[in-house]
Each structure stands twice: as C-alpha cells, then as structure tokens.
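Since the structure is predicted, the reported quantities are computational estimates derived from the model, not experimental observations.
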Amino acid sequence: MAKQEAALHRLDGALVWEGFKELLPISLFVIVFGAAFGLAATQAGLNDASIIAMSAMVFAGASQFAALELWGPQVPFFTLMATVFAINARHLLMGATLYPWLSHHSPAKRYGVMFVASDANWAMAMQAFGRGRPGLGLVLGGGIALWSFWVLGTWLGLHFGSAVQDPASLGLDMVMGCFLLAMVVGGEKNLRMLLIWTVAAGASLLAWRYLPENSHVVVGALAGGLAGLAWGRRSHEH
C-alpha cells in the first residue's frame, strides 16, 4: 500500500510528457478562444505586449474576458480584482483536492503545478487518482499544453483574430463543457460523488437565477466542496 501511495505522488519528465500528449487534442480548441481574446483585448485598447503578458501570467480565459468588460480610461481596480477572484475561486478547491499528492513536493513544485491548473487537466488528474494512477503529470504536462496554446491563440488573435470573432457561433463554446461532462461520467461513481455533484449543480443553478453574474461559479464550487468536506467528517466519525 505504501508503494502504491508513493507512486501516486510521482512527478517526473515521463509523466509530464504523457500529460502533455493527453491534453493536446483539447488544447487545439483553446487556440480559437485565445484568438477571440486577443482580438477583444485589441478592441478594448490594450497594446500587444500587455495582451500577451496577461494571457501568459493570468492564464484564465473567463476572468480575462470579464476584465475586458471592466476596462476603460479609469479601471476600477478593486472591482476588477474582486471579479477575477470570484471567477477563479474554484482554484482554491482544486488546490485543496490536489494537496494530498502535492504535499509530498517542494513549495516551488506545488506552485509550479498549480500555476497551470485548469478545469480540464484538474478533472483528468482527479480521474487518474481515482483509478490508482499518478495524476500530477496530467496537471503539469496538460497544463503546459493548454497554457502554450492559449498564449499562441492570443498572439494569433492580435494578427488574425478577425477570422474568428465569435467562437460560440461555431459551437466551440460547448467543447469544454462536453469534455468535463465526459470526465464526470467516466469518473468515480458512488453516493458521495453523486451528493457532491448534486449539491454543486443545485447551488450553482440557484445562484445563476438569483445572484449577480458569474457568482454561480463560486457558489457551486464552494457548495460542492463543503458537501464533500461534510461527508468526509461524517465518515471519520463513524
């Protein structure tokens, strides 16, 4: 058992390369959204260097688009910061779920892995852990693939973005949703997971209906995380 647990914590070049290759197909779709962001950022008045820097350092499509909506002659800094934090709050839960395996590595490695963590590579990693396979290579390698194509797409958008102004019109906005749904369907199936997803989905729908825009992402993630935490405490008590 100890050897099996140690294997799950592995993070080496071979695993990172495998993770890169596994996320490569979904990364190709990221180029289109990166191009759309590059075009939108140009139209918002940002210069090329700032746009590329934002995609390289922030690496969060939804919050980057949200930031553009708030951009203007006088940028509301605290509103912008709160909006970006709210949209990306789910990364706190991603980090918490990955911590049992990340804790065996140095802080530099932990933050390096989490820098490129996103919905897609996190979902694949958790599925791998559920099957008894090491998953950190999927987070890091897959994240590098996603990050690279996001930045590449942003650069292409600066020069050729007019070719793809609205990815949603091509149905490409459904790709990531379908991918994540496939991860859920193919993942671990038990009463605990059913409860977590039900609570998260219900809370997210209610927040979408009654709370401010984009808050459903935070509410759903927190509700699902708390449900999982409560179930874990209940299991330990019994």
Check your understanding: In Å and rounded to the nearest 0.5 Å, what is the CG to CG distance from Asn121 to Leu146?
Key -> 5.5 Å

Point to revise | Whether Ser55 side chain and Ile52 backbone form a donor-acceptor pair below 3.5 Å | key: no

Practice item. Decide if atom OH of Tyr111 counts as having more than 12 heavy atoms of other residues, nucleotides or ligands within a radius under 6.0 Å. Key: no

Practice item. Determine, step by step, whether Met54 and Leu46 satisfy the side chain to side chain contact (heavy atoms under 4.5 Å, CB included) criterion, reporting the C-alpha distance in whole Å, the side-chain angles of both residues, the deciding distance to 0.1 Å, and the verdict. Key: CA-CA 10 Å; Met54 183 186 290; Leu46 279 74; 3.9 Å; yes

Practice item. Give the C-alpha distance, both sets of side-chain angles, the deciding distance and a yes or no for side chain to side chain contact (heavy atoms under 4.5 Å, CB included) between Leu11 and Val16. Key: CA-CA 7 Å; Leu11 181 60; Val16 172; 3.9 Å; yes

Practice item. Provide the closest heavy-atom pair for Ala7 versus Pro134 in the form atom of the first, atom of the second, distance. Key: O-CB, 3.3 Å

Review point. Does Met94 belong to the same Ile/Leu/Val/Met/Phe/Trp/Tyr cluster as Val58, with side-chain heavy atoms less than 4.5 Å apart forming each link?
Key: yes

Review point. So, do Ile51 and Trp155 sit near enough that their side-chain heavy atoms are less than 4.5 Å apart?
Key: no

Review point. Parallel, tilted or perpendicular for Phe65 and Trp150, by the 30°/60° rule?
Key: perpendicular

Study note, to complete from the structure: To the nearest 0.5 Å, atom OG1 of Thr154 lies from atom CG of Leu158 at 7.0 Å

**Study point:** Closest approach of Ala128 to Gly135 (non-hydrogen atoms, all atoms of both residues)
**Key:** CB-CA, 4.2 Å

Review point. Hey, does the side chain of Gln127 reach the backbone of Ala123 with a donor-acceptor pair shorter than 3.5 angstrom?
Key: no

Revision key, fill the gap. Shortest non-hydrogen pair, Met57 vs Phe115, comes out as O-CE1, 3.4 Å

**Study point:** salt_bridge(Glu18, Arg10) N-O dist < 4.0 Å
**Key:** no

Practice item. Side-chain contact test, heavy atoms from C-beta onward, threshold under 4.5 Å: evaluate it for Leu152 versus Ile31 and give yes or no. Key: yes

**Study point:** CD1-CG distance between Ile26 and Leu23, expressed to the nearest 0.5 angstrom
**Key:** 8.0 Å

Point to revise | CZ on Arg133 to CZ on Phe129, rounded to 0.5 Å | key: 10.0 Å

Review point. Given side chains that start at C-beta, do those of Phe149 and Val32 come closer than 4.5 Å, heavy atoms only?
Key: no

Practice item. Examine the side chains of Trp147 and Ser118 and answer whether a donor and an acceptor come within less than 3.5 Å of each other. Key: no

Practice item. Would you please test Val113 and Leu102 for side chain to side chain contact (heavy atoms under 4.5 Å, CB included) and show each step? Key: CA-CA 9 Å; Val113 170; Leu102 286 173; 4.0 Å; yes

**Study point:** Interatomic distance, Leu39 atom CG to His159 atom NE2 [nearest 0.5 angstrom]
**Key:** 12.0 Å

Check your understanding: Taking the six-membered ring for Trp, are His9 and His104 parallel (under 30°), tilted (30 to 60°) or perpendicular (over 60°)?
Key -> parallel

Exercise for review: Flag the pair Leu98 / Arg110 as yes when at least one side-chain heavy-atom distance between them is below 4.5 Å, and no otherwise.
Suggested key: no

Exercise for review: Please report the C-alpha distance between Leu68 and Phe37 in whole Å, then the side-chain angles of each, then the deciding distance to 0.1 Å, and finally whether the side chain to side chain contact (heavy atoms under 4.5 Å, CB included) criterion is met.
Suggested key: CA-CA 9 Å; Leu68 291 183; Phe37 171 74; 3.5 Å; yes

**Study point:** Single-linkage hydrophobic cluster, 4.5 Å side-chain cutoff, Phe33 and Val116 together
**Key:** yes

Exercise for review: Output the distance between atom CG (Leu138) and atom CZ (Phe20), rounded to the nearest 0.5 Å.
Suggested key: 13.0 Å

